[in-house]
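First comes the structure, then the notes that go with it.
Here is the naming used below: chain letters follow the sequence lines, and residue numbers restart at 1 for every chain. Predicted, not measured: the structure shown is a model, and the values here were computed from it.
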Amino acid sequence: MEIPKTYDPKQAEESHYSRWEAEGYFAPEINKDPAAPVYCIVIPPPNVTGSLHMGHALQHTVMDVLTRFHRMRGFRTLWVPGMDHAGISTQLVVERELRKEKLTRHDLGREKFTERVWQWKADSGGQITKQMRREGASVDWSRERFTMSEQLSRAVREFFVRCYEEGLIYRGEGIINWCPKDQTALSDLEVEKESQGGKLYYLQYPVKDSDRRVTVATTRPETMLGDTAVAVNPDDERYAGLVGSTLVLPLVGREIPVVADDFVDPAFGTGAVKVTPAHDPNDYALGQRHDLPQVRVIDQHARMTSEAGADFDGLDRYEAREKVVEKFEELGLLEKVVDYEFSISKCDRCRTVIEPLISTQWFMKQAELGRAPLELIKETHEPRFVPQTPYEKVYTDWLENLHDWTLSRQLWWGHRIPAWYDGEGNVYVARTEEDARAAAGTGELTQDPDVLDTWFSSALWPISTLGWPDETEDLKTFYPTDVLVTARDIIFLWVSRMMMTGMKFKGGKAFRDVFITGTILDKSGQRMSKMKQNGIDPLDVFDKYGVDATRLVLASVETTDTRWSDNQVEAYRNFANKIWNAARFCLLNSEGARVGKGFDGDPKSWALHDRWITSRLNRTARTMNEAITNYRFHEAVQTIYHFFWGDFCDWYIELSKTDVLADEPSPARDAARSRVLTVLEQALRLLHPFMPFITEELWQRLPGVGEDSLHPAYKDAKPTVMLAAYPEGDGRLIDDRAEAEMQAVIELVSRVRNIRTELSVKPSEEVRLVVGAGRNGQGDIFRANLPQIKRLTRAADISIEETLASVPRASARAVLGGGAEVAVPLEGLIDFEQERARVGREGEKLKKELEKVEAQLANPQFVERAPAEKVEELRARAEDIRRRSAALEQMLEALGQ
RNA sequence: GCCCACUUAACUCAGCGGUAGAGUGCUACCUUCACACGGUAGAAGUCGGAGGUUCGAAUCCUCCAGUGGGCACCA
């Protein structure tokens with residue numbers, strides 16, 4: 001059999017995915033056990049415009065590990081893939097395309113434009129699905145969903161209509177965030193606050209029929225043109241006499257009242273606030289409280305309106321700002337201008353400064369929908385957030401402070417609002433236009449031109465992907481889903497809303513757990529972003545190190561923010577190569593061997609290293625199950641890594657070589673070869689959820705794997721490690737004694753190797769060993785493993801004795817745990833002075849340790865209050881140290897004259 | 001302003017009440033018949049600082065400092 005010395009990830013990555021997909025392994029139908037437990041994840045749908053970034057790769061890895069793990073455990077497992085139409089983003093991308101042809105969407109008209117978007121989606125929207133296949137994501141492509149598909153659109157209309165009928169959705173006037181560039185309303189969550197250095201202008205407003213002036217402070221002087229009041233705190237004595245009086249708004253001449261309102265903080269600025277109800281959310285609310293008129297001085301393009309006066313009409317908001325300030329200065333009403341740091345709202349898509357405007361839009365009363373999820377989290381802590389801190393609190397706080405959600409967007413790409421108007425302006429909200437006509441009693445209807453916020457359809461994702469509003473089999477089987485894996489920045493936008501809709505329409509939580517991943521940062525700890533150009537393309541990493549290695553790094557990220565470093569991927573690339581070569585060794589020596597054979601009869605009759613590796617394997621399997629179930633992927637990766645490299649490669653294979661590499665075929669050789677193969681096969685299963693490609697590539701080559709290896713639920717499937725039963729770990733095979741005994745062998749070997757290195761004994765040179773095993777039974781352990789110890793220490797001869805009494809003076813010596821000793825006679829190589837120093841140093845170390853331990857044992861409070869087992873443990877340790885110290889003393893004597 | 005998280009070996013990170021860990025890097029030796037993307041051995045940390053609780057603290061509490069988040073109606 002030809003097996004290359006170096007693992008080539010590409011080869012494996014290209015050869016398995018399409019087969020898995022074609023054979024239907026990703027679909028839950030592959031599971032033929034009617035009683036199988038169910039496991040379901042719905043993917044956070046990436047934008048159609050998007051291509052894979054590290055965040056996706058991270059989330060997908062986590063989801064795939066969970067999916068593959070549960071599938072191997074025999075769950076009826078479904079991971080639903082899909083994409084989001086991503087309203088604004090997609091529209092912007094297509095508009096950019098049009099611009100190349102010197103066209104705008106208005107040149108095409110609505111219908112042609114949306115056709116164009118669909119075309120664009122068909123041409124290039126599938127990019128990310130290819131990339132997901134590259135990742136090895138075991139999603140069920142037969143259930144792929146798209147938020148704008150007919151079925152999901154129907155779900156959106158159903159949702160909208162029902163909410164409208166219950167009064168949860170309404171149309172009305174309100175102050176909303178308006179993006180002057182994208183020309184649409186935005187929800188609060190689509191606005192990003194950014195801190196910015198600016199100026200605070202102190203403007204003076206004259207009091208009518210008086211010389212007195214009131215100074216107000218503002219960062220936006222241009223809005224003063226729309227002021228309809230000045231507000232002060234009712235308890236502010238400075239303005240006590242002023243409340244109720246009239247000011248004359250400079251430049252405009254409008255007479256405006258001074259009102260009293262608790263909102264005003266007397267400590268800030270001058271304690272007097274100009275009130276512009278039409279252009280500031282707080283002023284809007286204040287205006288409503290005091291019944292103030294709304295004067296709209298800024299339009300949708302962020303230009304001043306005619307209401308702003310002839311001098312300003314048509315000016316850009318920033319030009320107007322300068323002009324207002326100039327005029328105040330001319331009038332002597334500009335008191336001062338100070339530098340000021342404040343936060344400004346920007347459109348999170350295009351970074352344009354948001355303009356709060358009064359506008360008629362569709363809104364949703366979230367407070368009512370949020371009540372059920374709020375009760376749930378408070379009473380049962382569901383969904384369970386991982387990590388619980390801080391996200392449960394973040395989520396709860398949000399639900400406690402829900403504001404109305406601006407639903408409508410002045411875009412063309414998205415779900416059109418299912419509302420129609422007749423000639424008189426009456427509204428008919430209906431599931432279809434026919435229904436609306438029927439309700440209106442006329443065919444002369446026009447549909448609302450606006451579309452819904454993208455997150456409206458996202459809110460339905462877990463139920464709509466499974467078939468809602470129809471009561472489908474999938475919905476019955478897979479809802480609620482088990483876990484939502486996502487990033488922390490969409491807990492409000494998405495997670496909370498899915499819970500609301502799920503509880504409202506399906507009567508149950510959308511998911512049991514919410515796993516919030518950490519963020520992958522660049523080398524200097526910065527978030528990766530397109531703007532900063534500091535992103536690392538996962539596809540480049542795949543190319544360089546392989547998908548499996550990258551997945552190990554990503555799985556290890558878990559929930560903490562992590563700086564990206566290629567080092568780690570390289571380490572796991574090396575690990576993949578190690579796996580490859582361990583398998584290569586097993587396969588090159590597999591004549592006569594089969595997976596599943598070799599471990600026969602009573603474990604008590606097995607050789608120590610066989611009992612040991614069996615114990616280690618089962619312990620590892622248990623830890624893996626525990627860790628993955630509890631989302632501790634880092635621990636799982638570390639565990640399997642050390643089992644494979646440390647236990648299996650460094651020790652088990654080495655200990656097995658004496659038998660495996662025997663020249664002549666024999667039942668013993670076959671058995672030894674079968675045993676390494678069997679352990680390897682189990683390890684590949686344990687690794688599979690993390691490293692799907694290399695494990696499948698190797699597993700397929702193992703002699704003796706087949707239908708029998710599969711989990712019973714997949715009896716009819718063809719052999720694949722994907723559907724092999726995940727080892728659970730058998731507690732009866734965990735053997736503490738075997739592990740302790742093996743530890744003694746390992747220590748002996750390590751100490752001898754240490755002596756060899758320190759005394760510069762050439763690796764090729766064989767030595768003689770004398771082991772002073774004492775009378776406590778360790779001699780038998782060493783005796784039973786003589787050939788292995790010989791091989792690993794490169795010893796020509798080993799004699800096991802009770803003490804080292806008969807050892808030549810010219811020997812290097814070491815003390816082992818439990819009081820055993822080892823000596824390496826090295827006539828001519830020993831410098832007695834140096835050797836005494838070496839042994840002496842070790843004695844010093846022990847002495848210090850003993851002092852510490854004895855001091856603790858001498859502390860009566862420790863002995864009284866610490867748990868008895870801890871005290872016992874420490875006493876045993878002290879005893880061990882004393883024994884070893886005594887042995888070292890004797891060695892010093894032997895080395896002396 | 002309020003809230004939260006993080007700070008452990010040169011680097012990236014585990015550990016979260018009972019002898020400081022891993023990978024990378026570093027040092028020495030080794031091209032030994034699975035693997036130099038390897039092997040063996042080794043050096044390396046007053047666990048951010050100061051207090052406190054405890055028989056015992058990297059781990060729990062308080063304060064401080066630095067870093068990074070989230071929230072907020074401060075014009």
Side-chain angles (χ1 to χ4, degrees), chain A residues 3 5-7 193 200-201 216-220 223 230-231 263-265 267-276 280-286 340 342-343 387 389-391 393-394 397-398 401 488-489 491-492 519 521 523 525-527 545 549 553 556-558 560-568 570-589 632 634-635 637-638 641-642 649-650 653-654 657 661 749-750 753-758 760-764 792 794 849 852-853 856 859-867 869-871 873-874 877 881:
Chain A
I3 306 172
K5 277 182 151 188
T6 305
Y7 171 55
K193 294 269 167 61
L200 189 60
Y201 302 85
V216 295
T218 180
T219 54
R220 302 195 55 194
T223 61
V230 164
F263 158 73
V264 181
D265 176 2
F268 186 87
T270 62
V273 186
K274 60 188 276 309
V275 182
T276 322
D280 180 281
N282 301 313
D283 293 3
Y284 177 81
L286 197 149
Y340 183 63
F342 63 104
S343 70
T389 14
Y391 301 117
K393 187 171 184 302
V394 166
D397 288 351
W398 173 256
N401 294 291
R488 61 170 164 260
D489 48 358
I491 291 176
F492 309 143
T519 308
L521 309 168
K523 284 185 188 67
Q526 298 292 305
R527 280 185 92 98
Y545 299 104
V553 175
S556 301
V557 165
E558 236 169 63
T560 43
D561 293 359
T562 306
R563 298 179 186 208
W564 184 263
S565 81
D566 274 6
N567 268 346
Q568 292 215 61
E570 206 179 317
Y572 288 128
R573 189 269 319 262
N574 296 350
F575 180 47
N577 198 56
K578 187 75 181 179
I579 296 168
W580 181 260
N581 277 289
R584 183 166 179 265
F585 171 81
C586 297
L587 288 168
L588 290 174
N589 298 290
R632 296 196 309 262
H634 183 274
E635 182 187 339
V637 170
Q638 292 298 307
Y641 180 96
H642 287 111
C649 294
D650 291 347
I653 287 183
E654 294 304 326
K657 274 183 178 171
L661 296 177
V749 170
S750 300
R753 284 169 168 174
N754 172 253
I755 287 171
R756 296 186 59 118
T757 306
E758 294 216 350
S760 303
V761 178
K762 286 204 186 78
S764 55
L792 298 179
R794 303 204 134 238
E849 209 184 325
K852 245 169 70 180
V853 173
Q856 201 174 349
N859 179 351
Q861 286 177 308
F862 168 72
V863 181
E864 277 165 36
R865 300 194 196 182
E869 67 180 69
K870 292 288 169 198
V871 178
E873 212 176 283
L874 204 64
R877 223 176 94 214
I881 297 172

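- Atom CD in E558(A) sits about 7 Å away from atom P in G15(B), given to the nearest Å.
- Both D265(A) and W398(A) sit near RNA chain B, but only W398(A) has its closest nucleotide nearer the 5' end.
- The side chain of N577(A) approaches C35(B) more closely than any other nucleotide in the set A75(B), C35(B), A41(B).
- Partners of W398(A) under the side chain to side chain donor-acceptor pair (under 3.5 Å) rule, at least two apart in sequence or in another chain, do not exist in this structure.
- Counting distance only, with no hydrogens placed and no angle test, the side-chain atoms of R753(A) and the base atoms of U40(B) include no donor-acceptor pair under 3.5 Å.
- OP1 or OP2 of G68(B) has not a single side-chain nitrogen or oxygen of T560(A) nearer than 4.0 Å.
- In this model, the phosphate group of C37(B) is not approached by any side-chain N or O of R573(A) to a distance below 4.0 Å at OP1 or OP2.
- Looking at residues two or more places apart in sequence or on another chain, you find no side chain to side chain donor-acceptor pair (under 3.5 Å) involving D489(A).
- Between N581(A) and C37(B), a side-chain N or O to OP1/OP2 separation shorter than 4.0 Å is absent.
- A salt bridge links D561(A) with R488(A); the closest basic N to acidic carboxylate O contact falls under 4.0 Å.
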Next on the checklist: Expected output check: what is the dot-bracket annotation of RNA chain B, where ( ) and [ ] are pairs inside the strand (brackets for crossing ones), | is paired with another strand, and pairs are Watson-Crick or G-U under 3.5 Å?
Outcome noted: ((((((((.[[[[.)..(..]]]].(((((.......))))).....[[[[[..)....]]]]])))))))....

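- Which of G69(B), A34(B), G23(B) sits closest to the side chain of R488(A) comes down to G69(B).
- Distance from the side chain of T757(A) is smallest for U40(B) among the nucleotides A34(B), G18(B), U40(B).
- A 4.5 Å side-chain heavy-atom check between L521(A) and W564(A) finds every atom pair outside the cut-off.
- Separation of atoms CG (L286(A)) and CG (D280(A)) is listed at 9.5 Å; rounding is to 0.5 Å.
- Looking at heavy-atom distances under 4.0 Å, Y641(A) makes contact with sugar-phosphate atoms alone, never a base.
- Both tests do not hold together for K578(A) against Y7(A): distance to the six-membered ring centre under 6.0 Å, angle to the ring axis within 45°.
- Phosphate proximity of A75(B) to Y340(A): present, with a side-chain N or O under 4.0 Å from OP1 or OP2.
- Both R584(A) and G269(A) lie near RNA chain B, and the one whose nearest nucleotide falls closer to the 5' end is R584(A).
- The NZ atom of K5(A) lies 6.0 Å from the CZ atom of R584(A); values are rounded to the nearest 0.5 Å.
- Residue-level contact check: A571(A) touches the backbone only, with heavy atoms under 4.0 Å from sugar-phosphate atoms and none from bases.
- No contact: C586(A) has no heavy atom under 4.0 Å from any strand.
- Rounded to an integer number of Å, the gap from CD of Q568(A) to P of G25(B) is 12 Å.
- Distances from the side chain of K193(A) to the nucleotides C35(B), C73(B), G23(B) place C73(B) closest.
- Residues K657(A) and L661(A) are in side-chain contact: their nearest non-hydrogen atoms beyond the backbone lie under 4.5 Å apart.
- Per the geometry, CD belonging to E869(A) stands 12 Å off P belonging to U19(B), to the nearest Å.
- Taking atom P in both G42(B) and G56(B), one finds a spacing of 34 Å when rounded to whole Å.
- Taking a cutoff of 4.0 Å between a charged side-chain nitrogen and a carboxylate oxygen, K852(A) and E849(A) do not qualify as a salt bridge.
- Spacing between atom CH2 of W564(A) and atom P of C13(B) amounts to 12 Å, rounded to whole angstrom units.
- Considering only side-chain atoms of N282(A), the nucleotide from C73(B), A34(B), G18(B) that sits closest is C73(B).
- OP1 or OP2 of G38(B) sits under 4.0 Å from a side-chain N or O of N574(A).
- Distances from the side chain of R563(A) to the nucleotides A22(B), U24(B), C13(B) place C13(B) closest.
- Atoms NZ (K523(A)) and P (C11(B)) sit 15 Å apart, rounded to a whole Å.
- Among the nucleotides C35(B), A41(B), C13(B), the one closest to any side-chain atom of T562(A) is C13(B).
- Here the C1' atom of nucleotide U32(B) and the CG atom of D650(A) are 15 Å apart, to the nearest Å.
- Taking side-chain N and O atoms only, K657(A) has a distance below 4.0 Å to OP1 or OP2 of A34(B).
- Counting non-hydrogen atoms under 4.0 angstrom, P860(A) reaches nothing in the nucleic acid.
- One can place CG of N567(A) at 14 Å from C1' of A22(B), the figure rounded to the nearest angstrom.
- Picking from U40(B), A22(B), C35(B) the nucleotide with the shortest atom distance to the side chain of Q638(A) gives A22(B).
- Taking every side-chain heavy atom of H642(A) into account, G23(B) is the closest of G23(B), C13(B), U19(B).
- An OP1 or OP2 oxygen of A75(B) is reached within less than 4.0 angstrom by no side-chain nitrogen or oxygen of K274(A).
- Taking the six-membered ring where tryptophan is involved, the planes of Y572(A) and F575(A) are perpendicular, since the angle between them exceeds 60° and thus also 30°.
- Side-chain nitrogen and oxygen atoms of S750(A) include at least one within less than 4.0 Å of the OP1 or OP2 phosphate oxygen of A41(B).
- Per the geometry, CZ belonging to F342(A) stands 8 Å off P belonging to A75(B), to the nearest Å.
- When the side-chain nitrogen and oxygen atoms of K578(A) are compared with OP1 and OP2 of G39(B), one or more of them lie within a distance under 4.0 Å.
- Using a 4.0 Å heavy-atom distance criterion, F492(A) is classed as a sugar-phosphate-only contact.
- The side chain of K5(A) approaches C35(B) more closely than any other nucleotide in the set C29(B), C35(B), A75(B).
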